[in-house]
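This one's a predicted model, so the numbers in the text were calculated from it and none came from an experiment.
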Amino acid sequence: ASKEFGVRWGRHWMDIVRYAESVGRTRNYPFPFAWRYRDYVIDSFNSDKPYNQFIKEQIAGDLLPFDSVEEQNRNRIATGFLALGSQDLNERNLNQYLMNVADEQIDTTSRVFMALTTGCARCHDHKFDPIPTADYYALAGIFRSTDLKSGYMNRQGGNKGPFKPEHLVSLTLDESEFRIAGQVEVEVPTKKMRGRLNRLKKELKAVQKRGVKKKRVPRKKNTTKAEKNIVEPNADSLRNAGLSRREKQKRISGLRRQIKKLERDISGQENAFAVKGDFAMGVSERKKPIDCRINVRGDAANLGDRVPRGFLRVIHNENEVSIPPGQSGRLELAEWIASEDHALTARVMVNRIWHHLFGRGLVRTVDNFGSSGSVPTHPELLDHLAVKFMEDGWSVKGMIRRIMLSRAYRMSSEHQENNYAVDPDNTLLWRMTMRRLEVEAIRDAILAVSGNLDLEPPENGSVVAGFKPGEIGRNKGTLPDWIQMNHRSVYLPVVRNFLPDMFETFDFAEPSSVIGRRDVTTVSTQALFMLNSAFILEAARNTAKRVMTSGTLSAPEKVDWLYLRALGRHSSKAETQRVLTYIDMAASGKNVVDAWAGFCQTLFASAEFRYLQ
């Protein structure tokens with residue numbers, strides 16, 4: 001019932017939907033409205049929204065019926081799922097750019113909900129699974145008939161900035177009313193400004209082509225004869241006349257300064273975010289849907305046959321769905337995936353839940369149920385849970401409860417030699433497998449023990465919402481040290497290419513990819529981080545101050561208090577005595593708080609703190 005449930009399980013979901021707050025790749029611009037999708041996910045898990053409805057809202061929320069403006073806005077925000085992907089904003093070819101966007105959406109949708117690597121069929125028939133190229137382009141037609149509303153488009157023609165205010169989802173107005181109501185606080189560059197910029201560039205080219213006057217030694221001339229040959233200069237002769245080297249350089253420098261300033265002014269206007277507006281990332285229907293032509297070998301310029309919009313034929317439904325001619329097919333796709341007749345949807349989600357509770361799924365390759373993935377260790381159990389999941393109204397909380405009340409989940413981690421001899425990999429679940437906490441849980445636990453954890457999100461939803469226009473991280477030193485914030489880790493900005501050091505050190509999910517199963521490494525940099533990080537040192541000192549100011553506790557009780565808060569258990573008599581001996585030795589001639597801080601740091605750095613066992 002705690003709202004922190006949604007924070008915990010919502011973060012798992014953000015791993016697989018590649019949640020991030022910047023574009024990444026060639027132009028790493030911020031996503032100032034991504035946080036709305038983050039909050040939608042957290043709220044959905046807290047309200048135990050039926051999973052099949054959760055699917056429909058993310059793929060086609062803008063097309064679903066609604067009973068209130070609030071419900072309509074939630075549905076629109078949900079489609080941020082399709083808009084969070086990394087884009088190559090430098091791609092000048094519009095068709096290639098749109099195909100790349102559709103490819104990213106196809107790959108994410110198929111892997112998140114069906115655990116199928118459909119994106120492999122973009123260039124050729126899938127090498128392992130029965131997914132022909134034609135089926136890929138049937139899906140591509142659906143997403144090419146969908147307009148991306150991330151706030152950006154590619155840099156088409158010239159050097160225009162990629163941010164376009166009309167490419168956002170309005171939560172208060174009809175899209176046709178964007179500019180009329182002035183809700184986007186952006187002064188769109190006028191044609192006059194662009195015209196002046198083009199004229200300056202043409203003038204610069206002309207000056208660069210002009211010749212340079214050569215200095216000549218003056219000599220006496222026949223004045224009378226010279227006066228007879230004088231010709232009045234016209235405009236063409238002046239334009240083509242040579243300049244001195246100094247005059248030419250001066251003119252070129254002046255023109256370049258004017259061009260640079262004008263480009264900066266235009267870019268600033270194009271990239272000015274309406275952070276105070278009621279907007280979100282998402283998608284909308286294209287006015288005229290299209291059927292996509294096969295891109296031979298994935299080349300958008302090499303077109304083959306046209307393929308009608310549709311779904312993967314290898315997954316059969318008893319009730320096949322047809323796509324109306326005037327619609328993209330996204331709504332039908334969402335209903336097809338969320339159907340109880342779909343062969344994979346319930347299995348994939350149940351397996352993801354099992355993975356997070358046990359540390360590994362019944363299918364180990366949680367993002368790949370294809371032939372190149374792992375086979376289920378307990379196929380009958382997976383089928384049974386999938387059926388129960390649907391019978392219980394697609395309740396995620398209900399499935400978590402069902403699994404956690406099982407004998408298998410409640411097994412001890414105690415080692416038993418006879419069982420180990422038969423099943424060393426614990427495939428038969430004869431014990432609990434110890435596993436390390438994710439980086440967010442480690443960080444949040446440290447802040448909680450120190451008494452400084454802030455459970456509320458940042459003001460205005462996210463730090464990124466207040467970022468200035470332009471690329472993030474051209475100078476990494478200018479980025480704030482987000483790890484020092486006291487908010488729960490789920491609320492820290494996820495900026496592509498610039499994750500906090502702690503996140504990178506402890507295997508945070510790559511935010512440009514679908515990551516259902518994080519890597520878990522044990523490397524020296526992790527130990528060094530716990531020894532030397534300013535975040536760890538400050539948290540240890542805050543924890544020491546917290547326990548020291550509790551005047552009612554004796555020294556042994558303070559030790560026990562710290563063990564209970566940090567490790568979830570009481571300290572033994574031997575542990576208490578060792579700690580007190582250390583405190584007496586370390587505090588000799590020094591600050592007592594420093595001595596206690598040193599002990600607190602050893603708790604944070606211990607394996608017992610970082611592992612569930």
Item to check | Side-chain touch Val363/Trp354, heavy atoms, less than 4.5 angstrom | outcome: no
Next on the checklist: Would you call the rings of Tyr152 and Phe31 parallel, tilted or perpendicular, taking 30° and 60° as the class edges?
Outcome noted: tilted
Checklist entry - Is Glu438 salt-bridged to Arg8, going by a charged N under 4.0 Å from an acidic O? => result yes
Checklist entry - Any side-chain heavy-atom pair from Ser150 and Gln87 closer than 4.5 angstrom? => result yes
Item to check | Trace of the side chain to side chain contact (heavy atoms under 4.5 Å, CB included) decision for Leu437 with Tyr611 | outcome: CA-CA 6 Å; Leu437 295 174; Tyr611 279 80; over 6 Å; no
Next on the checklist: Does Thr108 form a side-chain hydrogen bond (donor to acceptor under 3.5 Å, both in side chains) with Gln105? I'd like the steps, not just the answer.
Outcome noted: CA-CA 5 Å; Thr108 302; Gln105 292 170 333; over 6 Å; no
Checklist entry - Between the main-chain N or O of Gly516 and the side-chain N or O of Asp367, is there a donor-acceptor pair closer than 3.5 Å? => result yes
Next on the checklist: Using only atom types and a distance under 3.5 Å, with no angle test, would you say the side chain of Ser339 pairs donor to acceptor with the backbone of Trp336?
Outcome noted: no
Next on the checklist: For Trp430 and Tyr420, take the angle between the two ring planes, folded into 0 to 90°, and tell me which bin it lands in: parallel under 30, tilted 30 to 60, perpendicular over 60.
Outcome noted: perpendicular
Item to check | Test log, rule side chain to side chain contact (heavy atoms under 4.5 Å, CB included), inputs Trp35 and Tyr19 | outcome: CA-CA 9 Å; Trp35 63 271; Tyr19 175 80; 4.2 Å; yes
Next on the checklist: Glu104 vs Ser86, test: side-chain hydrogen bond (donor to acceptor under 3.5 Å, both in side chains). Steps then yes/no.
Outcome noted: CA-CA 8 Å; Glu104 202 275 341; Ser86 182; over 6 Å; no
Item to check | Between Ser450 and Glu538: side-chain donor-acceptor atoms closer than 3.5 Å | outcome: no
Next on the checklist: Is any side-chain heavy atom of Met485 closer than 4.5 Å to one of Pro458?
Outcome noted: yes
Checklist entry - Ion pair present between Arg565 and Asp560, side-chain N to carboxylate O less than 4.0 angstrom? => result no
Checklist entry - Glu456 and Tyr491: side-chain hydrogen bond (donor to acceptor under 3.5 Å, both in side chains), yes or no, with the steps? => result CA-CA 8 Å; Glu456 299 302 318; Tyr491 296 123; over 6 Å; no
Checklist entry - Do NZ/NE/NH1/NH2 and the carboxylate oxygens of Lys49 and Asp43 come within less than 4.0 Å? => result no
Checklist entry - Is the shortest distance from a Lys or Arg side-chain nitrogen in Asp444 or Arg488 to a carboxylate oxygen in the other one below 4.0 Å? => result yes
Checklist entry - So which of Arg74, Arg76, Glu57 actually passes side chain to side chain donor-acceptor pair (under 3.5 Å) with Tyr40? => result Glu57
Checklist entry - Any sub-3.5 Å donor-acceptor pair from Asn497's side-chain atoms to Asn28's backbone N or O? => result no
Checklist entry - Just checking, is any N or O donor in the side chain of Thr576 or Ser571 under 3.5 Å from an acceptor N or O on the other one? => result yes
Checklist entry - Would you say the side-chain atoms of Ser68 pair up with the backbone N or O of Glu71, donor to acceptor, closer than 3.5 Å? => result yes
Next on the checklist: I'd like to know whether Leu312 forms a side chain to side chain contact (heavy atoms under 4.5 Å, CB included) with Thr118, so could you lay out the CA-CA distance, the side-chain angles of the two residues, the decisive distance to 0.1 Å, and finally the verdict.
Outcome noted: CA-CA 9 Å; Leu312 301 180; Thr118 307; 3.8 Å; yes
Next on the checklist: Can you see whether Ser513 engages Arg18 through a side-chain donor-acceptor pair at a distance of less than 3.5 angstrom?
Outcome noted: no
Checklist entry - Under the side-chain hydrogen bond (donor to acceptor under 3.5 Å, both in side chains) criterion, do Arg443 and Ser489 qualify, and how do the steps go? => result CA-CA 7 Å; Arg443 179 182 173 276; Ser489 298; 3.0 Å; yes
Checklist entry - Is a side-chain donor-acceptor pair under 3.5 Å present for Glu380 with His378? => result no
Next on the checklist: Quick one, Val7 and Phe45 - any side-chain contact, counting heavy atoms below 4.5 Å?
Outcome noted: no
Checklist entry - Where does the angle between the aromatic ring planes of Phe529 and Phe506 fall among parallel (under 30°), tilted (30 to 60°) and perpendicular (over 60°)? => result perpendicular
Item to check | Heavy atoms of other groups near Met548 CE, more than 12 under 6.0 Å | outcome: yes
Item to check | Any donor-acceptor N or O pair under 3.5 Å, side chains Thr433, Asn426 | outcome: yes
Next on the checklist: More than 12 heavy atoms of other residues, nucleotides or ligands under 6.0 Å from CZ of Arg401: yes or no?
Outcome noted: no
Next on the checklist: I need the minimum non-hydrogen distance between Ile16 and Arg352, along with the two atoms involved.
Outcome noted: CG2-NH1, 3.5 Å
Checklist entry - Just wondering, do Phe503 and Val494 contact through their side chains at under 4.5 Å, heavy atoms? => result no
Checklist entry - Going by heavy atoms in the side chains, are Glu4 and Leu455 under 4.5 Å from each other? => result yes
Next on the checklist: A side-chain contact here means heavy atoms from C-beta on lying under 4.5 Å apart; do Asp423 and Asn419 qualify?
Outcome noted: no
Item to check | Least distance between heavy atoms, Asp103 atom then Gly119 atom | outcome: OD1-O, 4.2 Å
Checklist entry - Run the salt bridge (Lys or Arg N to Asp or Glu O under 4.0 Å) check on Asp88 and Arg27 step by step: do they pass? => result CA-CA 7 Å; Asp88 182 3; Arg27 285 288 185 268; over 6 Å; no
Item to check | Donor-acceptor under 3.5 Å (Arg347 side chain, Ala343 main chain) | outcome: yes
Checklist entry - Looking only at atom types and distance, does a side-chain atom of Thr365 sit under 3.5 Å from a main-chain N or O of Ser374, one as donor and one as acceptor? => result yes
Item to check | Carboxylate-amine/guanidinium contact Lys388 Glu391, below 4.0 Å | outcome: yes
Checklist entry - Where do Glu440 and Arg518 land on the salt bridge (Lys or Arg N to Asp or Glu O under 4.0 Å) test, with the steps shown first? => result CA-CA 13 Å; Glu440 299 96 320; Arg518 293 188 184 184; 2.6 Å; yes
Next on the checklist: Between Glu608 and Arg569, is the salt bridge (Lys or Arg N to Asp or Glu O under 4.0 Å) condition met? List the steps.
Outcome noted: CA-CA 11 Å; Glu608 189 176 353; Arg569 66 173 177 85; 2.6 Å; yes
Item to check | Donor-acceptor pair between Ser572 and Glu575 side chains, under 3.5 angstrom | outcome: yes
Checklist entry - Considering residues at least two apart in sequence or located in another chain, which fulfil the side chain to side chain contact (heavy atoms under 4.5 Å, CB included) criterion with Ser554? => result Pro556, Glu557
Next on the checklist: Evaluate His342 against Ile315 for side chain to side chain contact (heavy atoms under 4.5 Å, CB included), listing each step before the verdict.
Outcome noted: CA-CA 7 Å; His342 199 285; Ile315 302 175; 3.7 Å; yes
Checklist entry - Do the ring planes of Tyr563 and Phe599 sit parallel (below 30°), tilted (30 to 60°) or perpendicular (above 60°)? => result tilted
Next on the checklist: Would you say Ser462 and Glu21 are linked by a side-chain donor-acceptor pair, where the criterion is simply a distance under 3.5 Å?
Outcome noted: yes
Checklist outcome for this item: Minimal heavy-atom distance between Met14 and Arg38, with the atoms involved, is CE-CG, 3.4 Å
Next on the checklist: Angle between ring planes, Trp13 versus Phe54, binned at 30° and 60°: parallel, tilted or perpendicular?
Outcome noted: tilted
Checklist entry - Are the side chains of Ile400 and Met404 in touch, meaning some heavy atoms are under 4.5 Å apart? => result yes
Next on the checklist: Please determine whether salt bridge (Lys or Arg N to Asp or Glu O under 4.0 Å) holds for the pair Arg517 and Asp15, giving the CA-CA distance in whole Å, both sets of side-chain angles, and the decisive distance to 0.1 Å.
Outcome noted: CA-CA 9 Å; Arg517 183 181 66 180; Asp15 278 8; over 6 Å; no
Checklist entry - Passes ring pair (Phe, Tyr, Trp, His ring centres under 6.0 Å), Tyr37 versus Phe81? Steps please. => result CA-CA 7 Å; Tyr37 175 80; Phe81 161 76; 7.0 Å; no
